[in-house]
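Naming convention: chains lettered A, B, ... in sequence-line order (proteins, then strands); numbering from 1 in each chain. Below, each value reflects all heavy atoms present in this structure, side chains not excepted, and no hydrogens, waters or symmetry copies.
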Number of protein chains: 2
Amino acid sequence: MRSPCPIASALDLIGDKWTLLVVRDLMFFGKSRYGEFLDSPEGIATNILADRLRRLEDGGIVVREGAGRRHDYRLTDKGEALRPVLKSLIDWGLAHIPGVATEPPPDYRG
Amino acid sequence: MRSPCPIASALDLIGDKWTLLVVRDLMFFGKSRYGEFLDSPEGIATNILADRLRRLEDGGIVVREGAGRRHDYRLTDKGEALRPVLKSLIDWGLAHIPGVATEPPPDYRG
DNA sequence: CGGGATCCGTCTTGATACTG
DNA sequence: CAGTATCAAGACGGATCCCG
């Protein structure tokens, strides 16, 4: 039994286009509700969003809070621990992707 | 015109399961040839690998060197700049994914 | 033999419509 | 508002073929 590569294992959880965008909304933009994620300019589809939220929950990265329909999603400690990943991604994007830093960027705190 | 989010832009380039695994092979395991990437334990298919290498090249993250068939892929400065992303992903995986750190991990230099 | 391209069946993704 | 149902389009995996 070889222990799996931590990069490969991490990418199994968060290695797709949409998952980290939801984490970004939670981490940097203070969003917590389904409808707020939907409003993001990238335009995630409703079924994809539901699927990613479920995977994030199954992976222990977010928790769903509140009873009934009006629940909030919140990052767990494991989810918060992704902050350096997001930060380094932001730094890389700003430095190396043309057109991304030409205007005052939104407020990526953290 | 809003400037696009650097995270979203970055994920357009590297936000999938396979791309960062190729970067990992280049960055940490000293691989540089098609056949070497194929040998990685995750088992990428030939068509997928060819596609990802082309995208990485188009995105300025790798360059293809050498004439004829026997060429090497090498990280550009833009590709090397992904090192903090990979590093933070390794740290997160080791700390938060069960089973990943139970044996002496391979040598992630950097 | 190494480095792909191509074809094909399957699984996933995504846009939209619909429901409680 | 927070999802599910439906269904088309694309990505994937695997095998095979091809070309130098």
Calculate the interatomic distance between [X] atom [atom1] and [N] atom [atom2]; express it in whole Å.
X     : N      : atom1 : atom2 : result
B/D39 : C/dG4  : CG    : P     : 14 Å
A/L53 : D/dC1  : CG    : C1'   : 14 Å
B/D51 : C/dG4  : CG    : C1'   : 12 Å
B/F37 : C/dG4  : CZ    : P     : 10 Å
A/K17 : C/dT13 : NZ    : C1'   : 11 Å

Under 3.5 Å: donor-acceptor pair, side chain of [X], backbone of [Y]:
X     : Y     : answer
B/T19 : B/D16 : no
A/K31 : A/R24 : no
B/E36 : B/S32 : yes
A/S40 : A/E42 : no
B/Y73 : B/L26 : no
B/W92 : B/K87 : no

On the nucleotide C/dG14, are OP1 or OP2 found under 4.0 Å from the side-chain N or O atoms that A/W18 carries? yes
Does C/dG3 have OP1 or OP2 under 4.0 Å away from a side-chain N or O of B/R33?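 Result: yes.
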Ignoring hydrogens and angles, does a donor from either the side chain of B/Y34 or the base of C/dG2 sit under 3.5 Å from an acceptor on the other? no
From the set C/dT13, D/dA2, C/dG3, return the single nucleotide nearest to any side-chain atom of A/H71. D/dA2
A/R54 side chain, from C-beta outward: closest of D/dC12, C/dG4, D/dT4: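 Closest of the options to the side chain of A/R54: D/dT4.
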Determine whether B/V23 and B/V85 satisfy the following criterion, side chain to side chain contact (heavy atoms under 4.5 Å, CB included), listing intermediate values before the conclusion. CA-CA 11 Å; B/V23 174; B/V85 177; over 6 Å; no
Run the numbers on B/D12 and A/I97 for side chain to side chain contact (heavy atoms under 4.5 Å, CB included), then give the verdict. CA-CA 11 Å; B/D12 280 340; A/I97 301 187; over 6 Å; no
Heavy atoms only, 4.0 Å cut-off, all strands: where does A/Y73 land among base, sugar-phosphate and nothing? sugar-phosphate
What parts of residues 42-49 of chain A reach DNA chain C, counting only heavy atoms under 4.0 Å away?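 Heavy-atom contacts with DNA chain C come from A/A45, A/T46, A/N47, A/I48.
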Interface residues of residues 55-65 of chain A with DNA chain C (non-hydrogen, below 4.0 angstrom): A/R55
Regarding A/R55 and A/D51, does a basic nitrogen lie under 4.0 Å from an acidic carboxylate oxygen?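 So A/R55 pairs with A/D51 through a salt bridge.
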To the closest 0.5 Å, what do you measure between CD1 (A/I48) and CH2 (A/W18)? 8.5 Å
Looking at B/F28, I'd like to know if the NZ or CZ of B/R83 sits under 6.0 Å from its six-membered ring centre while staying within 45 degrees of the ring's axis.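 Yes.
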Let me test you: for the helix from C/dC1-D/dG20 to C/dG20-D/dC1, what is the angle between the axes at its two ends (five pairs each), rounded to 10 degrees? 30°
